[in-house]
Amino acid sequence: MNLNFLLGDSIISPLGFGTQLNLEAIRQGETALQSHTNLSYQKDSFYAGIIDNDLLDEAFSRIGNLRAYTKLEKMMLLSIHQVLEDFPYLDLERTGLVIATTKANIDELGKGRFSEDRLMLWKLGEVVAKFFGFQDKPMIVSNACVSGALALKLGNDLIQSGRFDHVMVAGGDLVSEFVLSGFNSFQAISPEPCRPFSNDRQGISLGEAAAAMLIGPKTGKGETRIGYIDAVTANDANHISGPSRTGEGLYSSISRLLKANKVKPSEIDFLSAHGTATAYNDEMESIAFNRAGLQDIPVNSLKGYYGHSLGASALIESIITRHNMLNNELFASRNFTDLGVSRPLNIIQQHRSSELNLALKTASGFGGCNLAMFLKKVQDE
Amino acid sequence: MNDLHTELKKSIIDQLNLEDMDVSDIENDEPLFGDGLGLDSIDALELIVLLEKDYGIKLEDPNQGKEIFNSINSMVDFIEKNRTK
Amino acid sequence: MNKKYYIKDYVILRQGRLIRNGEVLLEAGNPELKDFLRKIYKSFGMRYPKFFKMDDLSRLGFLAAEILFDQEKPEADTALIFANSSSCLETDKAYSKTMSGFPSPSLFVYTLPNIVLGEISIRHGLRSENLFLVQDRFEPTTMIDYSHSLLNKAKASNVLCGWVDLHNTDYDVFLWQIAASGRLEHNEEELNKIYLPE
């Protein structure tokens, strides 16, 4: 079966509109997480990564009509537009579109600014496909917080099954009152910027973002590329919101991935974890990673830079991982203080250079879903 | 058993969708979680909402819940001492 | 690569009727959704208190899976590939009504469509592959392609596919299992015939 590659990408986040701007911001130690008080429902201030509407409109006005699109649509359209700019000859008739989102335009619920069907997740796909002229009906993956990486897996499989030549994978979610109030009712919102894996972590911070990634077979010669190797999902079969105390599903997804690809834990150079900074999630991850023999692999969570961007997060983390591998660099796990999980982990505490050939990306989410994915550096002969 | 015990049992059955359960099925000293009524972590969060909505009590530290939600008796004790409505 | 697969069993819940493999198991007139769900639950003698904590979307998928697995328990690596059109919009609306007062955690947790996969996985101990898709109407192409991919790559030994949709009071449920042998080939044409008989 032919290998597919991560060919081009874009991240639209408070850290910048474009992957390079995001990478540079992370290198400078910046964070999207700022204190906000302006949402009507929340009395207390909270930390979140929110994209400035004026900046977004300024950027979007160059490619589309500001009044015709919702905030999330603008973010997502911008990200795909950026990727397509690098691939002007892409045949959109043979390119699939897969979109990862948990709540899509949920912030429009009850507002009446757009037609009622704009709340439908498939409508988001329709709007995006029409904007660029994708011919095939878009596919929407809505599988909680593993959606972004699961969309890559679906895209890869649909290319390998012969349905498409390339697939554009996009992801996006907003910081909405809907989601914020919900996580608040779960007592899961941190009063300060989230601190993944730390002993003083107090919960998640939310962050909004969109991202896009083109995957497909290699083009050109003599390049270093990042290949999508494989991904496995596994359900905890334990609880719909609480992570398994034994890390069952996450462990199972990792161990099946290792086995199917005949990889030993020591061959993995970098682990891009989920790391939401809730007490139970991070603890669960530490247990699963140790059960899988990954305790020595350099690991980080990017939630301290972006907050948790839900359906977009695993896609963004895959994009950052791709560039980390191309640049042979490791990013510090921002806001980490002292280890606050019961099993040892090799948390990356400072940005540093490191030869990266094989990376493992993991994610977990409500509904008991877990995902593990391998990305590998491939050097052309 | 006073009225608060009954009132609380009724609203727990209602709020937590304990279908086919009756006030008389819940003992005052029976554990609400684990082997007793078998409530889970989402139920615990819903009980925190119930305390605030019906009795005006806002739990500052969710970890307090463990002791308060031990049984109907412990919940009644806590509500009687702390209720603001 | 182009190995053939077959449709094993299927269940349909629609307009007060419960159908398994073409046979009407229950006909309830046209009751309210909640009553219909309760009737199925009772008439199959189920005892699973968690059922009453689920939202309607999860109840629909859960019950259909119960009926499908009634005679034969699924293997632990049976993948779940589900789709619908309305995501979990009904529960989104119910939750949003609580937002201005006391946001309800037990409603919020159901504001993700893939929760139904979690409920079925918990019930049957499935630690398997999951995918939830949203599309404007029933069109099984992607579910077919992806399920065959999982089977071909040995990521699953069986697949349970499901269309579980709920919009306003309209519900539409079609679950089917895929097998390596059988009478009906697992393709779009056969699935459309079962989904919408003439």
Side-chain angles (χ1 to χ4, degrees), chain B residues 7-27 30-69 71-72 75 78-79 82-85, chain C residues 31-63 66 88 90-92 94-123 125 166:
Chain B
E7 174 187 295
L8 192 58
K9 287 177 189 177
K10 273 187 192 151
S11 47
I12 286 177
I13 289 170
D14 187 44
Q15 283 294 309
L16 306 187
N17 295 312
L18 302 179
E19 187 84 8
D20 297 335
M21 270 234 160
D22 199 66
V23 168
S24 59
D25 295 331
I26 307 176
E27 301 290 337
E30 176 186 18
L32 296 175
F33 291 83
D35 291 339
L37 270 189
L39 303 186
D40 72 358
S41 56
I42 302 171
D43 296 317
L45 294 165
E46 206 60 58
L47 289 179
I48 293 176
V49 175
L50 186 148
L51 283 183
E52 190 176 356
K53 188 158 66 173
D54 294 353
Y55 305 104
I57 305 171
K58 199 163 164 49
L59 282 197
E60 291 304 332
D61 177 8
N63 289 326
Q64 272 183 286
K66 277 183 195 140
E67 277 173 37
I68 300 162
F69 303 142
S71 65
I72 294 291
M75 279 188 81
F78 182 78
I79 291 168
N82 296 283
R83 66 189 301 169
T84 61
K85 66 179 181 190
Chain C
E32 296 263 320
L33 175 58
K34 287 219 186 310
D35 296 333
F36 180 47
L37 293 170
R38 187 183 301 259
K39 192 161 183 178
I40 298 173
Y41 180 88
K42 298 266 183 210
S43 66
F44 281 81
M46 297 177 198
R47 281 197 55 81
Y48 194 70
K50 267 190 224 162
F51 173 77
F52 296 102
K53 300 187 177 239
M54 298 177 195
D55 72 341
D56 287 341
L57 186 71
S58 288
R59 287 183 190 189
L60 282 164
F62 175 88
L63 283 180
E66 284 302 288
C88 44
E90 296 312 307
T91 306
D92 287 353
Y95 169 74
S96 77
K97 286 194 186 124
T98 72
M99 271 168 61
S100 56
F102 300 93
S104 164
S106 57
L107 281 174
F108 180 67
V109 72
Y110 286 99
T111 61
L112 291 166
N114 64 301
I115 297 296
V116 63
L117 307 182
E119 295 287 12
I120 295 170
S121 300
I122 292 166
R123 169 67 169 156
L166 174 65

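The structure displayed is predicted, hence computed values, not measured ones. Any value given below was found using the heavy atoms of this structure, including those in side chains, with hydrogens, waters and symmetry copies removed. Throughout, a chain's letter reflects where its sequence line sits, starting with A, and its residues are numbered from 1.
Evaluated for a side chain to side chain contact (heavy atoms under 4.5 Å, CB included) with Leu45(B), the options Ser104(C), Pro105(C), Ser106(C) yield exactly one hit, Pro105(C).
In this structure, chain C has no heavy atom under 4.5 Å from any part of Ile48(B). Only the side chain of Arg38(C) has a heavy atom closer than 4.5 Å to any heavy atom of chain B. For Asp43(B), the part sitting under 4.5 Å from any heavy atom of chain C is the side chain, from C-beta outward, and nothing else.
The structure places CZ of Phe52(C) at 12.0 Å from CE of Met21(B), a figure rounded to the nearest 0.5 Å.
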Going through the checks in order, is the side chain to side chain contact (heavy atoms under 4.5 Å, CB included) test met by Leu39(B) and Lys53(C)? CA-CA 11 Å; Leu39(B) 303 186; Lys53(C) 300 187 177 239; 4.2 Å; yes

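Contact detail for Phe102(C) and Val49(B): the closest heavy-atom pair is CB-CG1, 3.6 Å.
Counting heavy atoms of neighbouring residues, nucleotides and ligands inside a 6.0 Å radius, atom NZ of Lys66(B) does not exceed 12 of them.
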